[in-house]
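Presented below is the structure to which this report refers.
So you know, we letter chains A, B, ... as the sequences are listed, proteins then strands, and number each from 1.
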Amino acid sequence: METTVLPLPQLTAKDFASDQDVKWCPGCGDYSILKQVQTVFPDLPVRKEDYVFISGIGCSSRFSYYMDTYGMHSIHGRAAAIASGVKASNPNLSVWLISGDGDSLAIGGNHFIHLMRRNFDINYLMFNNQIYGLTKGQYSPTSEHGKVTKSTPYGTVEAPFIPVELALGAKATFVARAMDRDVRHQQAMIRRAYEHKGTSFLEIYQNCPVFNDGAFEIFTEKDTKPESTIFIEHGQPLVFGANKDKGIALDGLKPIVVDLNTNGHTVNDLWIHDERDKTKANLLARMLDDSEFGAHFPRAFGVFYVEDRACYEDEMTAQLDAIRSKKGKTPLQQILSGDKTWEIK
Amino acid sequence: METTVLPLPQLTAKDFASDQDVKWCPGCGDYSILKQVQTVFPDLPVRKEDYVFISGIGCSSRFSYYMDTYGMHSIHGRAAAIASGVKASNPNLSVWLISGDGDSLAIGGNHFIHLMRRNFDINYLMFNNQIYGLTKGQYSPTSEHGKVTKSTPYGTVEAPFIPVELALGAKATFVARAMDRDVRHQQAMIRRAYEHKGTSFLEIYQNCPVFNDGAFEIFTEKDTKPESTIFIEHGQPLVFGANKDKGIALDGLKPIVVDLNTNGHTVNDLWIHDERDKTKANLLARMLDDSEFGAHFPRAFGVFYVEDRACYEDEMTAQLDAIRSKKGKTPLQQILSGDKTWEIK
Amino acid sequence: MEPQAEPLASAKKSIPVVKSEAVVVRFSGDSGDGMQLTGMQFSDAAAYFGNDLCTFPEYPAEIRAPIGTLAGVSGFQVQFGSSEISTPGDNYDVLVAMNAAALKGDIKRLKPGGIIVTNSAGFDKKNLKLAEYADGINPLEDGSLSDYRVINLDITKLTRETLKGSGLSTKEVERAKNMFVLGLIFWMFDRNLEYTINFLNEKFAKKPEIAAANVKTLQAGWNYGDTTELFTNRFAVEAAKLAPGTYRNITGNHAVAIGLIAAAEQAGLELFLGSYPITPASDILHELSKYKSNNVRTFQAEDEIAGICSAIGASYAGKLAVTTTSGPGVSLKAEAMGLALMLEIPLVIVNVQRGGPSTGLPTKTEQADLMQALYGRHGEAPLPVIAASSPADCFNAVYEASKLAIEHMTPVICLSDGYVANGSEPWKFPSVEDLPEIKQHFLQPEDLNGEKYEPYKRDEFLVRPWVKPGTPKLEHRIGGLEKKDVTGNVSYDAANHQHMVRTRQAKVDRIADVIPEQTVDNGRVGAKLCILGWGSTYGTIKTAMYQLLNEGYDVAHVHLRHLNPFPKNLGELLHSFDQVVIPEINNGQLMHLIRSKYMIPAIGYHKTMGLPFTTDEIKQKVYELIRK
Amino acid sequence: MEPQAEPLASAKKSIPVVKSEAVVVRFSGDSGDGMQLTGMQFSDAAAYFGNDLCTFPEYPAEIRAPIGTLAGVSGFQVQFGSSEISTPGDNYDVLVAMNAAALKGDIKRLKPGGIIVTNSAGFDKKNLKLAEYADGINPLEDGSLSDYRVINLDITKLTRETLKGSGLSTKEVERAKNMFVLGLIFWMFDRNLEYTINFLNEKFAKKPEIAAANVKTLQAGWNYGDTTELFTNRFAVEAAKLAPGTYRNITGNHAVAIGLIAAAEQAGLELFLGSYPITPASDILHELSKYKSNNVRTFQAEDEIAGICSAIGASYAGKLAVTTTSGPGVSLKAEAMGLALMLEIPLVIVNVQRGGPSTGLPTKTEQADLMQALYGRHGEAPLPVIAASSPADCFNAVYEASKLAIEHMTPVICLSDGYVANGSEPWKFPSVEDLPEIKQHFLQPEDLNGEKYEPYKRDEFLVRPWVKPGTPKLEHRIGGLEKKDVTGNVSYDAANHQHMVRTRQAKVDRIADVIPEQTVDNGRVGAKLCILGWGSTYGTIKTAMYQLLNEGYDVAHVHLRHLNPFPKNLGELLHSFDQVVIPEINNGQLMHLIRSKYMIPAIGYHKTMGLPFTTDEIKQKVYELIRK
Ligand SMILES: Cc1ncc(C[n+]2csc(CCOP(=O)(O)OP(=O)(O)O)c2C)c(N)n1
Ligand SMILES: Cc1ncc(C[n+]2csc(CCOP(=O)(O)OP(=O)(O)O)c2C)c(N)n1
Ligand code: SF4
Ligand code: SF4
Ligand SMILES: [Mg+2]
Ligand SMILES: [Mg+2]
C-alpha cells in the first residue's frame with residue numbers, strides 16, 4: 001500500500017482513544033484488548049485516517065466507539081459482510097473487524113466462513129467470552145457442553161464450535177489465539193494479524209466477570225497457566241510446563257504429552273511447530289484439555305496457521321485493471337447507445 | 001426407534017414415486033440421485049409415513065415433490081433449520097434433507113455449520129453441481145477459482161469451499177462423498193448415511209448438463225475415472241488406478257502417491273483408511289487433483305469420517321424425561337398461580 | 001397523595017399516619033445499587049398486602065454503564081393504591097435517590113412537596129462530578145430542593161454499622177444497603193417486613209449468613225424510621241377493593257410464557273419455542289426453558305431466521321410452535337413468515353417491540369412495528385395481528401393468538417412492547433376450567449371415509465386440515481411455490497394464483513366472524529370524542545378517561561385487541577363519534593390504517609420518546625380537541 | 001389489424017400486400033424450440049426497420065419443463081406498429097405454434113380470423129398426448145380451428161431437407177428450425193433478412209458452419225413463403241412516426257444496469273453492486289459484471305443480507321452502492337435497510353418484483369411489494385420509493401433513485417417488476433450531456449474552515465455530509481443505535497429520540513420539494529374519472545386512454561413515479577376528479593396509501609394473475625364506472 005512508504009507522524013496510544021467514555025463493566029476483559037490495540041497501533045505503518053473499525057452488536061462490538069478512527073457499529077452478525085464491502089471498495093484502508101463469539105459464530109456464522117474463504121485483507125478480532133454478554137447471559141456457540149445459563153437452566157445439549165477449527169475448515173489463511181490477560185502475547189498476536197496479507201482471524205479469550213466469570217481462569221491465572229497452556233512458535237518445539245519440562249510429540253498422527261524428565265525424552269523428540277502445516281494446525285485446534293486424544297493437553301496460544309493466498313480485493317482490482325488496460329474505458333455515450341442503433345428522421 | 005422393530009410392509013421403489021412429473025432437464029444428474037434414493041428406501045427399516053423430506057430452493061430442492069413421502073419444499077437456504085425443528089419435535093421421524101451447493105453453502109451456510117455441530121439425526125444429501133442451476137448459471141461457493149459464469153464473465157476471484165473440509169471443521173459426525181454416475185457406490189453411501197446416528201453429510205457430485213456440463217467428467221467417465229478417483233474403505237489401504245497399482249502413503253503428515261510397480265513399494269506401505277481418524281479425514285478432504293500437496297492426487301469417494309456423539313434431539317429428550325420423572329409434570333393451575341398468591345375477599 | 005390527617009394505630013412510637021388512595025414511589029440509583037430488586041420487593045409486598053399497583057422498571061442499555069454516571073442510573077417506579085391502578089403514575093410522591101445522578105435524572109418528575117430519601121454517600125465530590133453538577137454545587141446543600149421534604153442519610157455508613165462484625169466482606173455489606181432503604185420505606189408506609197424476610201430467607205437459603213445480614217439491615221432501616229424523628233408522619237394505603245379472588249403479580253413477558261403453556265395444554269399439544277435472544281424479549285425464552293417437566297421444548301437457534309424456521313418445522317411436525325423476538329428479529333423473519341403463510345400452518349410470532357429503527361433504543365418501549373406486522377413481507381401476505389394491552393393481558397393476547405393460529409391454520413403475530421413486557425401488575429389469574437376451549441384435530445385417514453385426501457381442501461372458514469408426518473396414508477408435499485387450491489400441487493396457473501391470493505386474504509378476513517365485536521371500554525357510543533388506542537397505551541388512556549369523565553367531558557375510550565382483521569363493527573362504531581383521536585407511541589400507524597379502511601379523518605397523537613404516554617399528556621390532548 | 005387492401009411493391013411474385021397500423025405476433029413453442037431468440041430477432045429487426053414495439057417474453061419456472069408439456073411452453077409476444085405502441089397487445093394476429101401444447105395454451109388469445117402457423121411435426125400422437133388433448137383428437141384436423149387461417153407445415157422436415165449434406169448433427173439441424181419459421185414470418189411482413197443474417201454471422205463467428213446453416217434455413221423459410229401459394233396476401237407495417245433521433249432496443253433489466261453506470265459516472269463515483277442472484281433480477285448482476293473496464297465492482301455475495309451489507313460497506317467507503325433483488329430478497333434485507341437509514345448513507349435498492357408471497361411465482365410479474373417498500377422494516381423507518389413504468393423508463397427511474405440517494409444521503413428503493421424487466425422497447429437513449437446533474441461532494445477538512453466536524457450536522461434538506469474513510473482529521477464513528485443529532489454520538493435521551501424519528505421522516509418528506517409536481521399524463525384535470533397508476537401498468541393504461549378519449553369518455557390518466565414522498569400537489573390534483581380508480585397488480589396497495597393520505601374514496605381494481613392488465617380490462621372497468 002503506497003500509504004505505507006510515506007513517512008508517518010509518530011502517534012501514541014492516546015491518539016487512538018475517542019472522546020466517548022468506555023462503558024464496559026468493571027473488570028471486563030474487553031478493556032485489556034482495547035488497551036493492547038491502542039498500544040500496538042502507533043507502531044504500525046498506517047495513517048490514522050486509514051484505519052477503519054467495523055463491528056457488529058454485542059458488548060465487544062461497542063469497541064468501535066472507543067477508537068478515534070473511522071468506525072461503524074453495525075448490526076448483529078453482519079460486520080464481516082460490511083467490512084468486505086469496505087475493503088473491496090478501497091483496498092488502501094486498514095480494516096479491523098471486532099466481533100463477539102455470538103456475533104461471529106451464531107448469527108454471523110455465514111459471513112464468517114465466507115470471509116475466511118474469500119480472504120479479504122481484514123484483521124478479525126473475535127472476543128470469545130463463551131457467552132452472550134450484552135443480552136445478559138445466554139449460552140453461545142462456544143459455550144461448553146452442559147453449560148447452565150439463563151436460557152439453559154439445565155445445561156446446554158450441544159457441542160460448541162472450536163473457532164480455530166471452524167476457521168481452518170472455512171479456508172482461513174491466518175488463524176491465531178490469544179488471551180485478554182497475557183498482554184505481551186496479545187500485542188504480538190495483534191501485530192502478526194496486521195502483518196498477514198489476507199483475512200487474519202485472531203480469537204481472543206476474554207473474561208466476562210458478570211455472566212461467565214473465570215471461564216478461562218486455568219489459562220490465565222499464574223498458578224495454573226504454565227501447566228494448562230502452551231505457547232506455540234514457528235520452528236520451535238512444543239514445550240510447556242512451569243519448568244519447561246513437558247512437551248508434545250507426535251505418535252503417528254496423534255499428539256502425546258511427554259515428560260522430558262523421564263525415559264530419556266529430549267526436546268528433539270518433540271513436535272516442531274510449523275505455521276505452514278494445516279494438518280498440524282488442525283491437530284492443535286482439536287487439542288483441548290478434554291480432547292479426543294484423551295490425556296490432559298495444554299491449550300495452545302499463538303499462530304496456528306498461515307497460508308499465502310491472493311486476497312479477494314487484489315484479484316478483483318487486478319481483473320479491473322487488466323480489462324481496462326486491454327479494452328480501455330468504454331465511453332458512457334457508447335454504453336448508452338449499445339451496439340445496435342437506428343435513426344428516425 | 002420403536003418403529004424399526006415392528007414388521008414393515010415390503011415396499012418397492014415405485015411406492016416412493018409421487019404422482020408429480022419430474023421436471024429436471026434431460027440428462028440432469030438429479031435423476032440418478034432420485035432413482036438411487038427410491039431404490040434404497042424399500043430396504044430401510046422405516047415406515048413410509050415416517051420419512052420426511054425437507055428441501056430448500058434450487059433444482060435439487062424440487063426433489064421433495066417427487067418422493068411419495070411427507071415433504072416440504074421450503075425457502076432458500078433454510079432447510080437445515082426447518083429440519084432441525086422437525087427432528088427436535090418428533091425424533092421418530094426419518095428426516096432427509098435435500099439441498100444444492102448454493103442452498104447449503106451460500107445462503108444456507110450458517111444453518112449448515114450449526115446443524116453439523118448440533119448433530120441432529122438427519123440425513124443430509126447435498127447435490128453439488130458447482131453452479132446455481134435454477135437461476136440459470138451463476139457460480140456457487142464450490143465453483144472452482146477462475147470459473148467463468150453468467151455473473152463472472154471474466155472468472156471468479158475467490159477460492160471455493162471444500163464441502164467435506166467445511167463439514168469437518170463444523171464438527172460433523174459423518175462425512176461422505178459420492179457421485180451421480182456411480183449408482184452402486186451412491187446407493188451404498190445413502191445406506192451408510194441412513195445407518196449413522198447423527199447428522200450424516202453426504203456430498204453427491206451431480207452433473208448439470210445445461211449450465212456446468214462435465215464438471216466431474218474426469219471422475220465419472222470410464223477412461224479417466226480409475227486414475228483420478230480413489231474409493232476409500234474403512235480398514236483398507238488407499239489403492240487406485242486401472243490396475244490397482246497405485247496407492248497413497250503418508251510421508252509424515254503428507255500424503256504421497258506411490259507406484260506399486262516401482263522400487264519395491266507394497267500395499268503394506270500404504271495408508272490404511274480409518275473412518276475414525278479426523279486428521280486423516282482432513283487430509284483426504286484437502287487431497288485434490290490440484291492439491292496443496294503438489295502432485296496429482298485422485299479424488300476420494302466414500303466415507304471420510306464417522307464419530308459417535310449424542311444427537312441433539314436425544315439429549316433434549318433425555319433432559320425432558322429426567323426432569324419430568326424427577327419433578328413430575330407441573331399442573332397447569334399451579335403454573336397459572338405461581339408460588340406467591342393472595343386472596344381478595 | 002392528598003393527605004387526609006387522621007391518626008391510625010401504629011408501631012412503637014405514635015406518629016400520625018396519613019391515609020392515601022394512591023402513592024407513587026420511585027427507587028432510583030446506580031445500576032449496581034439493586035434498585036430493581038428493591039422496587040420489585042416493595043411492589044410484591046404491596047400487592048401481597050392487597051393494593052392494586054402498576055410498575056415501570058427502567059434501566060440502561062449497557063450491562064453496567066460507568067458507576068455514578070447519568071447513563072448508569074437504574075430506576076424502578078411503582079404506583080400502588082386502594083383503588084384501581086392502571087399506570088405507574090406520571091409524577092411520584094416519594095423519590096429514593098441513592099446517588100447524585102439518580103437525583104439529577106429523576107427530580108423532574110417528583111411532585112411539589114414530595115419526599116426525597118437520599119444516600120449522602122452518593123453525593124460526594126466524585127459522584128456530583130459524574131452526575132455532571134457544576135463544580136462546588138451540591139443539590140442537597142444549595143437549597144434547590146426547598147420545595148421538597150428531603151431526608152438525607154448516610155445509608156452506606158448506617159448499613160456498615162448495622163453489619164459490623166457480621167463477618168461479611170465490604171463488597172457484601174455494600175450490597176446490603178438497599179435493604180436498609182427498603183426497610184425505611186416499609187416503615188414509612190406502615191408495612192410489616194414479613195413478606196420480604198421470607199423472600200430473603202428463600203433467596204439466600206444456601207447462604208444463611210447473607211440472608212441474616214440482609215434481614216438485619218432491613219429491620220435496621222425499619223427501626224431507624226421508627227426511632228428517629230425524621231418523619232413528621234407516615235402514610236397508610238389501604239388494600240384495594242379489587243374483585244374478590246386469588247391474585248398474583250406478573251410481568252408481561254412472564255404472562256406470555258405461561259399463556260403459551262396454557263394454550264398448548266388446552267389444545268392438547270406440546271409447546272415448541274424456536275428463538276434467538278434479544279432485548280426485551282429474551283425473558284420469554286428464559287422462562288419457557290424452565291418448564292422441561294411439561295415437555296416444553298426450547299431451541300435457542302443460531303439466529304432469528306433459524307428461530308422461526310425451526311418453529312415452522314415444529315409446527316409441521318405437530319407442535320404448538322412459537323417464535324419470540326423484537327423488531328430487528330421480526331425484520332429478519334419476514335421471508336420465513338411468508339413461507340408459513342403459504343404452508344398455512346399454525347405459528348405464533350411474538351414481537352416485544354422496542355425503540356427503533358435499526359438497533360435504536362433496545363431497552364426503551366415503542367409501538368412502531370404495527371405496519372411491519374401488517375405489511376412487512378413481500379407479496380400479498382396477510383396475517384392476523386393481535387396486541388396486548390397490559391402485563392397481565394399478555395396472557396390473554398398470546399392465548400388468543402395461539403387459539404386463532406391452531407383453529408385457523410395460520411401464523412399469527414402477537415404484539416407486546418418493552419413497557420408491558422417488563423412492567424408488572426396484580427393478576428386475578430384464571431382457573432384452568434375458565435380457559436376458552438381450543439379446538440385442535442390432526443386429520444386421520446379414517447376421517448376421510450374413503451374420500452381422497454386433499455391437503456388444501458378447506459372448511460367454511462377456508463381452513464385446511466393439519467396432518468402430522470407419521471400419519472399413515474396421508475403422505476403429501478407442501479412448499480412455498482404457489483399451489484393449486486384443494487390439491488396443494490404446484491401451479492403456475494394465472495386464475496388459480498388470483499384465486500389463492502384472494503383466498504388467503506379472505507381466510508384472514510373471516511376471522512372477523514369469530515372475534516368479539518368491538519365494545520366501548522369507557523364512556524358512551526356517539527360521544528363527542530373517541531380516544532382509540534391499541535396495545536400498551538391502555539392503562540394510561542383508561543386513567544385519563546376516568547378523570548375526564550369525572551370532569552364532565554363527553555369522551556369515550558375504544559381499545560383494540562385485534563389489529564387484523566378489525567372487529568366487524570369497528571367502522572360503524574367509530575363513525576358514531578364526532579371525532580376520533582389515536583394516541584400511539586409511533587408516528588401514526590393505526591391512524592393510517594383507520595383512515596384508509598373507514599375513511600375517517602382520525603387525528604393522530606404521536607410520541608416517540610421511548611416512554612409511555614403520561615395520563616396528563618392524554619388529558620391535555622383531549623382538552624385541546626374538545627370543549628366541555 | 002384491420003386490413004386496408006392496397007397492393008404494394010413486393011418481392012419476386014406479387015401477392016397483394018395489406019397495410020396494417022399494428023400487428024401482434026406470438027411465437028410459441030417448447031422451451032427447447034428457441035422461441036425467445038426467434039421473437040427477440042423478429043422484434044429487433046422490426047425496431048431496426050423503424051417500427052415502434054413492445055415485447056412480452058413468458059417462460060416457465062423450470063429450467064426445462066418436460067418437453068412437449070403445457071408446463072414447458074415458452075412464448076414470446078410482440079406488438080409492432082407504425083404508430084406508438086405501449087403494450088404487447090391483448091390478442092394476437094399471428095400465432096406461431098411449434099407444438100400442440102403451444103397451440104392449446106395460446107389459441108385462446110388469437111384474434112378471430114387470425115393466422116396460425118404450426119409445425120405439423122409437433123402434433124404427432126406423443127405431442128398431442130403431452131398437450132393433454134383427448135385421445136384421437138388433433139386440433140389441426142377436427143375443424144376446431146375453422147375460424148382461423150391455419151398454415152400447417154412440417155417445419156422440422158423442411159429444415160432437414162434444407163440442411164441435408166450440411167454435415168451438421170441432427171441435434172444441430174433440429175435446433176435450426178426456428179430460423180425457418182423466422183424467415184417465413186419475415187416474408188409474411190415483407191421484411192428483408194439483412195439484420196438477422198448479420199446477427200447470425202456475429203453470433204456464430206467462431207462456428208461459421210453453424211452460421212451458414214442458420215442463414216440458409218432462414219432464407220429457405222423466406223423463399224418458402226415467397227414460392228408457395230400458402231398465403232393469399234402479405235402485410236406491411238410501415239415505420240412509425242416516432243420522435244426523430246437515434247434509437248436502440250432495451251429491456252428493463254438492461255436499462256437498470258446502464259442507468260446505474262450513468263448515474264455513477266455523472267456523480268463522479270465508481271459503482272459497486274452487492275447482490276445475490278434471484279429471478280427476475282439476476283440479469284442486472286450479469287450485465288453489470290461485464291463493465292470491468294469502467295471499474296464497476298460486482299460482488300456476488302453469499303446471500304441477500306451480505307449483498308446489501310457489502311453495499312453498505314461500499315457506500316461508507318465512498319462508492320455509489322447498489323443492491324438488486326426481488327421480493328424474497330427484500331424481505332431478507334429489511335434489517336440492513338434500517339441500518340443504512342440510521343447511518344444516513346446513499347444506497348440504491350432495486351426490487352424487480354415477482355409473484356408472491358413466499359417463493360410464489362418466480363417468473364411471473366406482480367406489483368405486490370409496494371407496502372413492503374414503505375413499511376417493511378421495524379420502527380419508524382421511512383425511505384424514498386420510486387417506480388419504473390416501462391422497460392426504457394427503468395433507466396430514468398434508477399438514475400433518479402441514485403441522484404436522490406446521493407444528494408439526500410439516504411437509501412432509496414426503486415421498484416421494477418418482471419414485466420418491465422424482461423420486456424423490451426425501442427428507446428431514444430439520451431446523450432450524456434442531457435443527463436441531469438448529480439451533485440456529490442465528499443466533505444474535506446478545508447470545508448469546515450475551523451469549525452468542529454459534526455457527522456450529523458444537516459443542511460436545509462436535513463442532509464448530513466458524506467465523509468470517506470481515509471480523509472485526514474475527520475475520523476468519526478456511526479452506528480445503528482439512536483444517535484444525538486448533530487454530533488452523531490449514541491444517545492438514549494428521550495427528547496432526542498423523538499426529534500430524530502421526526503427528523504428522519506422530515507428528511508424524506510422534504511424530497512417532495514425537489515421532485516416535479518404531478519402532471520396528468522393524458523386527459524384533463526377535473527375529468528369525471530381519473531385512472532391513477534404506478535409502475536408497469538403505464539403502457540396498458542395509456543393505450544386504453546387513447547381509445548377511451550377517442551370514444552369520448554371524460555377520463556384522465558395520472559401515473560406515479562414517486563410513491564414516497566408523493567408529489568406535493570397530488571392530493572389537490574386527485575381531489576379535482578369526480579372519481580379515482582387505481583388499477584394494480586396486487587390487492588390494492590396504492591389505493592390504501594391514497595385513501596389514508598388524502599381521504600379520497602379511491603376505487604381499487606385488482607388483478608393478481610402474474611400477468612399485466614390487458615387494455616380491454618382497463619376499458620371495461622372504466623365503462624363500468626362511468627357513462628358517456
Ligand atoms: C438481529 C439481532 N438479534 C439479536 C440481537 C440481540 N443481541 C445483541 S448482542 C447479542 C449477542 C452478544 O453476544 P456476543 O456476540 O458474544 O458479544 P458479547 O456481548 O458477548 O461481547 C444478541 C443476541 C440484536 N441486537 N440484533
Ligand atoms: C431468498 C432467495 N434468494 C435467492 C433465490 C434465487 N435462487 C433460487 S435457487 C438458487 C441457487 C440454486 O443453486 P443450488 O442451491 O446450487 O441448487 P441447484 O439449482 O444448482 O440444484 C437461487 C440463488 C431464492 N429463490 N430465494
Ligand atoms: S457483560 Fe460481560 S462482556 Fe459485557 S461488558 Fe460486562 S463484563 Fe464485559
Ligand atoms: S439446470 Fe442443471 S441442475 Fe437444474 S435441472 Fe437443469 S440440468 Fe439439472
Ligand atoms: Mg460473547
Ligand atoms: Mg447447484
Side-chain angles (χ1 to χ4, degrees), chain A residues 77 105-114 116-119 141 145-146 152-162 164-173 250 252-255 274 276-280 282-283 285-286 292 307 309-320 322-323, chain B residues 77 105-114 116-120 141 145-146 152-162 164-173 250 252-255 274 277-280 282-283 285-286 292 307 309-320 322-323:
Chain A
L105 303 179
I107 193 168
N110 201 28
H111 314 305
F112 177 85
I113 58 176
H114 282 272
M116 298 304 145
R117 172 172 78 81
R118 295 197 180 105
N119 197 39
H145 180 272
T152 53
Y154 300 98
T156 67
V157 296
E158 54 197 80
F161 284 130
I162 303 169
V164 169
E165 182 185 24
L166 180 63
L168 289 169
K171 293 200 143 189
T173 60
L250 272 175
L253 297 180
K254 301 226 176 311
D274 176 0
R276 301 277 162 171
D277 186 328
K278 195 168 188 177
T279 306
K280 283 181 170 168
N282 252 299
L283 278 166
R286 283 149 47 212
E292 59 194 272
E307 175 186 327
R309 194 169 79 224
C311 301
Y312 187 106
E313 70 272 19
D314 291 344
E315 286 205 45
M316 181 185 224
T317 311
Q319 199 176 59
L320 293 173
I323 294 155
Chain B
L105 302 179
I107 194 168
N110 201 28
H111 314 305
F112 177 85
I113 57 176
H114 283 272
M116 299 304 146
R117 172 172 78 82
R118 293 197 181 106
N119 197 38
F120 280 97
H145 179 273
T152 52
Y154 300 98
T156 68
V157 297
E158 54 197 79
F161 284 130
I162 303 170
V164 170
E165 182 186 23
L166 180 63
L168 289 169
K171 291 199 147 191
T173 60
L250 273 175
L253 297 181
K254 302 225 176 311
D274 176 358
D277 186 328
K278 194 167 188 178
T279 306
K280 283 181 171 168
N282 252 300
L283 277 167
R286 284 150 45 215
E292 59 194 271
E307 175 185 327
R309 195 169 79 224
C311 300
Y312 187 105
E313 70 273 19
D314 291 344
E315 285 204 45
M316 181 185 225
T317 311
Q319 198 176 60
L320 293 173
I323 293 156

For chain B, find which of Gly108(A), Ala106(A), Ala318(A) contributes the most heavy-atom pairs closer than 4.5 angstrom. Ala106(A)

Contact origin within Lys278(B) toward chain A - heavy atom pairs under 4.5 Å: both

Just so I understand: if I count every heavy-atom pair under 4.5 Å between each of Arg118(A), His114(A), Lys280(A) and chain B, which residue has the most? His114(A)

Of all heavy-atom pairs between Glu158(A) and Tyr312(B), which one has the smallest distance, and what is that distance? OE1-CE1, 3.1 Å

If only atom types and distance count, is the side chain of Arg117(A) paired as donor or acceptor with the main-chain N or O of Ala159(B) below 3.5 Å? yes

Can you tell me which portion of Asn119(A) sits under 4.5 Å from chain B's heavy atoms? Options are side chain, backbone, both or neither. neither

Answer yes or no: is there a donor N or O on one side and an acceptor on the other, between the side chain of Gln319(B) and the main chain of Gly155(A), under 3.5 Å? yes

Counting heavy-atom pairs under 4.5 angstrom with chain B, the leader among Asp277(A), Thr156(A), Ile323(A) is Ile323(A)

If you count heavy-atom pairs under 4.5 Å with chain B, which of Pro141(A), Ala285(A), Gly77(A) comes out on top? Pro141(A)

Does the side chain of Lys171(A) come within less than 4.5 Å of Ile162(B)'s, by heavy atoms? yes

Non-hydrogen side-chain atoms of Phe161(A) and Ile113(B) separated by less than 4.5 Å: yes

At a 4.5 Å cut-off on heavy atoms, which part of Ile107(B) comes close to chain A: side chain, backbone, both, or neither? backbone

Take Thr279(A) and Asn282(B), measure what side chain to side chain contact (heavy atoms under 4.5 Å, CB included) needs, and give me the verdict at the end. CA-CA 7 Å; Thr279(A) 306; Asn282(B) 252 300; over 6 Å; no

When the 4.5 angstrom heavy-atom criterion is applied to Leu105(B) and chain A, the contacting part is backbone

For Leu168(B), is it the side chain, the backbone, both or neither that has a heavy atom under 4.5 Å from a heavy atom of chain A? backbone

With only heavy atoms counted, which part of His145(A) is less than 4.5 Å from chain B, the side chain, the backbone, both or neither? side chain

